[in-house]
Amino acid sequence: MDATDQKRLLREMLFARRFEERCAEAYHERQIGGFLHLYPGEEACAIGVLEQARPGSDYVVTGYRDHIHALKSGMDPKALMAELFGKEAGCSKGRGGSMHLFDPDVRFMGGYALVGGPFPLAAGFAKAIQLRGGDEISICFLGDGANNQGTFHETMNMASLWNLPVLFVCENNLYGIGTAIERSTVEINQYKRVAPYGIEAAQCDGQDIDVVMAHAERAIQHVREKRKPYFLELMTYRLRGHSMSDSGAYRSREEVEEWAQRDPIGIYQRRLMDANVISGEEFHALDQAVQDEIENGIVRFAVESPEPRVEDVARYVYVEGDK
Amino acid sequence: MAEMMYWQGILRAHDEEMARDPLVFAMGEDIGVAGGTYKATSGLFAKYGDQRVIDTPISENSYTGIGVGAAMVGARPIVEIMSVNFAWLAMDQLMNNAAKIHYMSGGRIRCPFVMRVPGGTAHQLGAQHSARMERVFMGISGLRVVTPATPRDAYGLLKSAVRCDDPVVILEHEAMYNLKGEIPDTEFFTPLEGVEVMRPGKDISLFAYNISVHWALDAAQKLAEEYGIDAEVIDLRALRPMDRAGIAASVRKTHRALVVEEDEAPVGVGSEVMAIINEECFFDLDAAPVRVHALDVPIPYNRRLEKAAIPNAADVVAAVRKMLGR
């Protein structure tokens with residue numbers, strides 16, 4: 001990877017971080033409502049894996065912590081922020097919200113609140129690919145908590161049985177909402193849980209984007225060429241709460257502090273600085289530029305966009321009625 | 001015009017749609033090699049192969065979800081749930097994903113998903129194999145719910161459902177698969193909305209759907225022959241969205257209404273039809289509308305108890321006579 005791409009990746013992770021921090025502010029200002037699940041600490045997962053995929057061609061689906069997966073899939077950040085603000089210009093026309101982002105134009109398929117719900121959907125996208133032919137794949141990002149749903153086991157079984165081209169990415173952030181993984185799950189190494197289904201799997205560090213990309217490249221190649229599922233477990237950590245309402249009582253300050261030392265942006269920034277790809281000054285300028293873009297381009301667009309019309313509340317229930 | 005059985009109508013619809021469009025595929029328990037519990041997919045496995053006629057593991061929620069996912073990206077799945085009781089297990093994917101995706105994506109993602117569900121009280125199958133769930137499905141915004149009473153509509157509704165861009169649930173009946181009836185030789189489509197007048201009449205409207213259409217037709221014949229009462233029989237057919245205008249038109253003509261349903265009364269087709277009558281044409285009524293329905297019990301195994309739990313044509317006749325005082 002050349003220096004230009006390295007700087008682009010660093011910028012993408014930084015952009016993701018600043019975007020989410022700005023969302024938190026907007027939430028406190030009550031410009032964003034409902035539930036809001038933010039991604040800081042996990043940026044290397046979505047960005048690293050999808051860097052190796054073909055956005056716009058491969059299908060991507062995830063749960064409710066979905067902003068960065070949508071962005072890296074190619075969604076316009078203005079449409080994303082407008083959605084969070086509940087505006088008609090939002091990616092789901094203000095009908096979805098933070099947990100229900102959609103952009104079929106770039107094959108970002110959502111955005112789901114039910115933990116474990118996207119497993120079979122991802123397998124369904126792969127089933128459609130299989131029927132049509134073609135070398136696209138389906139990529140499903142979910143957390144470790146989703147693996148205790150029945151849909152995890154049912155879908156792994158069928159995906160393997162029917163040779164469906166799905167990459168399952170488990171973002172293991174060690175907590176299912178506010179319960180530690182060892183208190184909810186017998187086998188804490190998630191990649192081992194797909195072995196009975198005959199699915200190849202690996203586990204790696206999710207904080208170092210170079211490590212993520214190396215593993216994702218192999219995983220995607222396996223799915224794309226062998227037309228079989230693969231399960232990649234990324235060990236990661238969310239630096240903020242599960243959602244905006246989080247007591248934090250379930251984990252210690254020391255633990256959070258320890259993981260903050262392994263911040264994916266910090267790791268990559270130091271690596272690029274050590275290799276003289278970027279200077280401290282350049283990084284600072286990059287950060288300023290990102291924040292300016294978010295504030296003056298994206299948030300302003302969301303603020304100034306019109307609300308959906310109340311007369312349209314019953315639109316989109318059926319396709320037929322919407323013609 | 002050929003006489004066919006209900007299951008043969010369903011099979012013919014599958015076959016025609018699968019031959020027409022390579023993205024139409026069928027999934028369910030035992031539908032492939034075994035040919036389907038009610039033969040409704042028999043022969044398709046040999047003709048279309050295991051990629052398009054898929055025997056699933058007993059994992060209702062996830063194979064439903066696989067169908068929903070495939071539908072979201074342009075395929076046309078027909079998912080069979082072996083018995084409606086098992087559909088409870090698939091409710092997450094059906095209700096949270098299939099029904100809501102078009103709306104919550106602001107109209108950007110369509111879900112042309114079809115679920116076929118045998119249900120109803122057959123022959124001593126016990127409480128966990130004899131349910132009806134229309135009152136659950138018809139309460140879910142975003143779904144279309146239809147239910148065929150005849151072989152013709154078993155064929156025509158499935159044809160329409162496969163072509164529809166909305167998710168459609170088709171409620172079939174376990175005791176009706178061998179029912180015979182005429183199906184036109186040329187292709188046709190039963191509309192997914194609207195009632196059908198099965199027997200015109202002027203004295204009272206009998207609203208029915210699925211198997212209860214036959215109870216209503218039997219009752220109407222007896223009422224005409226023995227009591228001189230001219231009953232109109234309306235097949236509701238589409239339970240969601242329900243045809244408010246069609247219901248009101250019949251009541252405005254007869255000024256009396258009775259709803260007969262196989263399901264228990266609280267929260268169901270009968271209560272919905274009566275609410276529609278209240279809202280649309282209350283002042284056209286000459287008498288308070290009446291419901292004939294199952295007892296509010298889990299369906300018992302014992303044959304006599306089972307029979308006692310669900311209504312029949314005689315119950316309809318008795319209710320009409322009471323309403324008309326004849």
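If you're wondering where the values come from, they're calculated on a predicted model, not measured in any experiment. The sequence lines fix the lettering, A, B, ..., with proteins before strands; numbering per chain opens at 1.
- Remark: Phe108(A) engages no residue in a ring-ring contact (aromatic ring centres under 6.0 Å, His included) (not counting sequence neighbours).
- When heavy atoms are compared at a cutoff of 4.5 Å, Pro112(B) does not approach chain A at all.
- A donor-acceptor pair under 3.5 Å is formed between the side chain of Arg108(B) and the backbone N or O of Cys91(A).
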Residue pair Arg95(A), Ser105(B): steps toward the side chain to side chain contact (heavy atoms under 4.5 Å, CB included) verdict: CA-CA 7 Å; Arg95(A) 272 72 167 176; Ser105(B) 69; over 6 Å; no
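- One N or O on the side chain of Tyr318(A) and one on the backbone of Leu143(B) form a donor-acceptor pair closer than 3.5 Å.
- Both the backbone and the side chain of Val313(A) come within less than 4.5 Å of a heavy atom of chain B.
- Using a 4.5 Å heavy-atom threshold, the side chains of Pro57(B) and Glu154(A) count as separate.
- For chain A, the nearby parts of Gln51(B) are the backbone and the side chain; heavy atoms of each come within less than 4.5 Å.
- If you measure heavy-atom distances from Tyr63(B) to chain A, the contacts under 4.5 Å come from both the backbone and the side chain.
- Considering all non-hydrogen atoms of both residues, Trp162(A) and Ile54(B) come closest at CZ2-CG2, 3.3 Å.
- Residues Thr151(A) and Ser62(B) come closest through the heavy atom pair CA-OG, 3.4 Å.
- Between Val317(A) and Tyr103(B) the shortest heavy-atom distance is N-CD1, 3.7 Å.
- Both the backbone and the side chain of Asp105(A) come within less than 4.5 Å of a heavy atom in chain B.
- Applying the side chain to side chain donor-acceptor pair (under 3.5 Å) test to pairs two or more places apart or on separate chains, those with a residue in residues 64-79 of chain B are Arg76(B)-Asp165(B).
- Minimum interatomic distance between Gly106(B) and Lys93(A) (heavy atoms only, all atoms of both residues): O-NZ, 3.0 Å.
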Criterion side chain to side chain contact (heavy atoms under 4.5 Å, CB included) on Ile101(B) and Phe102(A), from CA distance to verdict: CA-CA 9 Å; Ile101(B) 188 74; Phe102(A) 299 95; 3.2 Å; yes
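- Close approach to chain B, defined as a heavy atom under 4.5 Å from one of its heavy atoms, is seen in Pro120(A), Leu121(A), Ala123(A), Gly124(A), Phe125(A), Lys127(A), Ala128(A), Gln130(A), Leu131(A), Arg132(A) of residues 119-141 of chain A, taken by number.
- Within residues 64-75 of chain A, no residue has a heavy atom under 4.5 Å from a heavy atom of chain B.
- Of all heavy-atom pairs between Met104(B) and Ser92(A), the closest is O-CB, 3.3 Å.
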